[in-house]
Amino acid sequence: MSETHALDLFRLDGDVGLVTGAASGIGRAFAEALAEAGADVTLADVDTEGLETVAGDLRARTDATVLTAEADVTDPDAVAAAVDATVEELGGLDVAFANAGIGLMHGSVDSTSLEAWEKVVDVNQKGVFLTNREAAKAMREDGGGSIVNTASVLGLVGSETPGLGAYVASKGAVVQMTKQFAAELGPDIRVNAVAPGWVHTDIGGGMLREDAPGMEPVQEQMRQKTLLDRLGKPQDLKGIAVFLASEASSYCTGCVYPVDGGWTAL
Ligand code: NAI
């Protein structure tokens, strides 16, 4: 019989986390989850103003030491610098969320420009690779850790909405990278992914926001696809974040966890 209390498995006291895309939406919720569960955290993003807002909030509300790193996840040097700063200033790296992503609509596949395609794949696919690579190097030197990638339900199924080819492809790649990297990095490093459904955030120029003009019919259609009769909020991702970051998920790796209100169950 284990002597560890179940709830203690979820604590992150003394751990250090890094979250890309932490200035907004789901990444902000991930950073909040880490700090609220006891970890110190580096917030990485291209949005420096947003970073300072989130950092200020976390410093005011939690005991976490919070570092900010202006880092474009498509830039290998910037990702490496964010990881290095985390190790140097916070004392290591235990948890990394490769979360930064963009979503663009471009018409259907026959009218998608190569430039638009590459822009999405660059951030959503290459950015996740670079974040996994740099995090894994640091974790290997420090006894291991947990990497959590943000995929999407659109990495598991296609979309009725045309124009999401690059996005769907990039998220399918995140699902497969998660499995492959888990195989390569175990047993020291666990690699898992979350696959959110529709979550009200600023992604895609704000078209997923609850109050996005003209989006009511689409939101209604998407709400009906869920089994919980609502679309998601960033806070809905906090529980899975703490689970995957912590010892609570110590026997989980190479898995993709839908957090989608039941969207992909049927
Ligand atoms: P968001 O737009 O609210 O936040 C994304 C953050 O990533 C922003 O702060 C942005 O500045 C940052 N970012 C963008 N490009 C970057 C780059 N090159 N380097 C560093 N940071 C960069 O969007 P949201 O919804 O929170 O998206 C987070 C992740 O969740 C993305 O990977 C997205 O694809 C994924 N996702 C979102 C869903 C949703 O319904 N909102 C559903 C499924 C997945």
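Everything numeric in this text was worked out from a predicted model, so none of it was measured. What's counted below: heavy atoms across the whole structure, side chains too, no hydrogens, waters or symmetry copies. Every number for a ligand or one of its atoms is a count from 1 in the order of the listing.
Using a cutoff of 4.0 Å between basic side-chain nitrogens and carboxylate oxygens, R230 and D236 are scored as salt-bridged. Residues E115 and K119 are not paired through a salt bridge, judged by the lack of any N-O separation under 4.0 Å between the basic side chain and the carboxylate.
Screening residues 153-165 for salt bridge (Lys or Arg N to Asp or Glu O under 4.0 Å) gives E160-K225 as the qualifying pairs, with residues at least two apart or on separate chains.
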Contacts under 3.5 angstrom, residues 161-175 side chains, donor-acceptor by atom type, not counting sequence neighbours:
residue	atom	partner	partner atom	Å
S170	OG	N124	ND2	3.3
S170	OG	A166	O	3.3
S170	OG	Y167	O	2.7
K171	NZ	T150	O	3.0

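At a 4.0 Å heavy-atom cut-off, the residues surrounding ligand 1 are G21, A23, S24, G25, I26, D45, V46, D47, A71, D72, V73, N99, A100, G101, I102, V123, T150, A151, S152, Y167, K171, P196, G197, W198, V199, T201, D202, I203, L208, listed by chain and number.
Side-chain contact between I102 and I203 is absent, with no heavy atoms from C-beta onward closer than 4.5 Å.
Looking at residues two or more places apart in sequence or on another chain, you find a side-chain contact (heavy atoms from CB on, under 4.5 Å) between R223 and E220, D229, L231.
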